[in-house]
**Q** 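Okay, here's the structure, questions in a sec.
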Protein chains: 2
Amino acid sequence: MKSKRLQSAKLRSAAFKRTRADHQVEISEDYVELIAELIDEKGEARGTDIALRLGVANATVVNTLKRLQNQGLVTQEPYRAIFLTIDGWKMAEDGKRKHDIVEKFLLAIGVPEATARIDSEGIEHHVSTETLKAMARFLIRKPIN
Amino acid sequence: MKSKRLQSAKLRSAAFKRTRADHQVEISEDYVELIAELIDEKGEARGTDIALRLGVANATVVNTLKRLQNQGLVTQEPYRAIFLTIDGWKMAEDGKRKHDIVEKFLLAIGVPEATARIDSEGIEHHVSTETLKAMARFLIRKPIN
DNA sequence: GAAAATGTTTAGCATAGACTAAACTTTATG
DNA sequence: CATAAAGTTTAGTCTATGCTAAACATTTTC
Ligand SMILES: [Mn+2]
Ligand SMILES: [Mn+2]
Ligand SMILES: [Mn+2]
Ligand SMILES: [Mn+2]
């Protein structure tokens, strides 16, 4: 009982710290995933399309892309389309895989399609490898009915 | 086919917008839930304990509590404990209920305990009423084994 | 009850992510 | 090919969340 009390602050803060860490990479993940999507769909990713799909202002995209470039996830030149680096592609693919599993999993437990699309956009970033595995296991055993 | 394309930017941005909205209330939810927890456990909530459990600096807690006070979620006086308003209690209780369902649900699909504790801290804020219902349904049908 | 320990606030700073408005560049159109 | 439209960047601002270091207040201890 006492040991549980004593550890509880440390245990508790570990969870909050993980959530804060998740939030730091969340935007990067969404951007690269979206850029990959646009390249796949339209052949190239332009700032305007990113802004439109994210629902943010153009200037916000310009700002964030600068950071992604500093992080080595994208390359860009003025007035040109945006490209992903090797690291960017890797993050995009991992992100898409995770996103798909989470969304399909929500559908499998009976969440309506529109809601699954919306909720998975936020949930995906807080799902650890172990939870993702559990979701994937569930999907194998009990596919979408 | 075309209509899907046309709607896709709007549909896509709706999901991102919801996630951004979730993030705006996330910290408030975690704070009031934690404050309720401390009051329950120790009889009162002090800044230091909040900081310790969240894993942030004391000054950060002071800052954030000012905002929560402006939002009408807490009341406080210098060098005194922190209290929840009616609205604060409501948010804390709703938050705890949601958090519990998410955590138990993760356990039910086979996520290890430590991981369920950590992941639920982030996931809880992105779970809509419908998804929460689906999780609750699942728990009734298939309780933790 | 004075000194030390603990708790709390203030001050100053940094980064991320959002916005609007204005400037500039590229592309399309008449 | 000149002008209009569309796309992109820059500049300036705001809020939220975090930090450290220093000041201040309360509580405990001797
Ligand atoms: Mn997302
Ligand atoms: Mn919670
Ligand atoms: Mn939380
Ligand atoms: Mn989140």
**Q** Could you work out, with side-chain contact (heavy atoms from CB on, under 4.5 Å) as the rule, every residue matching Ala59(A), not counting sequence neighbours?
**A**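 Applying side-chain contact (heavy atoms from CB on, under 4.5 Å) to Ala59(A) gives none.
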**Q** Checking the side chain of Lys98(B) only, and the main-chain atoms of Val127(B) only, is there a donor and an acceptor separated by less than 3.5 Å?
**A** yes
**Q** Could you tell me which residues satisfy salt bridge (charged side-chain N to carboxylate O under 4.0 Å, His left out) with Asp40(B), sequence neighbours excluded, listed by chain and number?
**A**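 Listed in chain order: nothing, the list is empty.
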**Q** Within the structure, does a side-chain N or O atom of Thr48(A) lie under 4.0 Å from either OP1 or OP2 of dA6(D)?
**A**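 For Thr48(A), the contact criterion (side-chain N or O under 4.0 Å from OP1 or OP2 of dA6(D)) is not met.
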**Q** OP1, OP2 of dT17(D) versus side-chain N and O of Thr60(B): anything below 4.0 Å?
**A** no
**Q** Can you classify the ring geometry of His126(A) versus His23(B) as parallel (below 30°), tilted (30 to 60°) or perpendicular (above 60°)?
**A** perpendicular
**Q** Is there any side chain to side chain donor-acceptor pair (under 3.5 Å) pair reaching into residues 72-86 of chain A, and which pairs are they, with sequence neighbours excluded?
**A** Gln69(A)-Gln76(A)
**Q** Taking side-chain contact (heavy atoms from CB on, under 4.5 Å) as the definition, give me every residue that meets it alongside Arg67(A), ordered by chain and number, with sequence neighbours left out.
**A**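 Partners of Arg67(A) by the side-chain contact (heavy atoms from CB on, under 4.5 Å) criterion, ordered by chain and then number, come out as Ile27(A), Ser28(A), Thr64(A), Gln71(A).
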**Q** At less than 4.0 Å, is any side-chain N or O atom of Arg67(B) found next to OP1 or OP2 of dT15(D)? Yes or no.
**A** no
**Q** Short question: side chain of Lys104(A), backbone of Leu139(A) - any donor-acceptor pair under 3.5 Å?
**A** no
**Q** Applying salt bridge (charged side-chain N to carboxylate O under 4.0 Å, His left out), name anything that partners Glu37(B), two or more places apart in sequence or on another chain.
**A** Arg12(A), Arg53(B)
**Q** Could you work out, with salt bridge (charged side-chain N to carboxylate O under 4.0 Å, His left out) as the rule, every residue matching Asp100(A), not counting sequence neighbours?
**A**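 With neighbours one apart ignored, the set is Lys96(A).
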**Q** For Asp30(A), enumerate each residue passing the salt bridge (charged side-chain N to carboxylate O under 4.0 Å, His left out) test, keeping only those at least two apart in sequence or located in another chain.
**A** none
**Q** Within the sub-3.5 Å range, which N or O atoms of nucleotides 9-14 of chain D have a protein N or O partner, and how far apart are they?
**A**
| unit_1 | atom_1 | unit_2 | atom_2 | d |
| --- | --- | --- | --- | --- |
| dT9(D) | OP1 | Tyr79(A) | N | 3.4 |

**Q** Only counting residues at least two apart or in another chain, list the ones meeting side-chain contact (heavy atoms from CB on, under 4.5 Å) with Arg117(A).
**A** Glu103(A), Ala114(A), Leu11(B)
**Q** Does the distance from a Lys or Arg side-chain N to an Asp or Glu carboxylate O, for Asp94(B) and Lys90(B), drop under 4.0 Å?
**A** yes
**Q** Asn70(B) CG to dT15(D) P: how many Å, rounded?
**A**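 The answer, rounded to whole Å, is 12 Å.
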**Q** At a heavy-atom distance below 4.0 Å, what parts of residues 120-127 of chain A sit against DNA chain D?
**A** none
**Q** Does any residue of residues 25-40 of chain A have a heavy atom under 4.0 Å from DNA chain C, and if so, which ones, in number order?
**A**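 Residues of residues 25-40 of chain A that come under 4.0 Å of DNA chain C are, in numerical order, Ile27(A).
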**Q** Would you indicate whether the side-chain heavy atoms of Leu73(A) and Tyr31(A) approach each other to under 4.5 Å?
**A**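 Side chain of Tyr31(A) against side chain of Leu73(A), heavy atoms only: no contact under 4.5 Å found.
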**Q** For DNA chain C, whose closest nucleotide is more 5', that of Gln24(A) or that of Arg46(A)?
**A** Gln24(A)
**Q** For a 4.0 angstrom threshold against heavy atoms of chain B, report the outermost contacting nucleotides of DNA chain C in 5' to 3' order.
**A** dG7(C) to dA18(C)
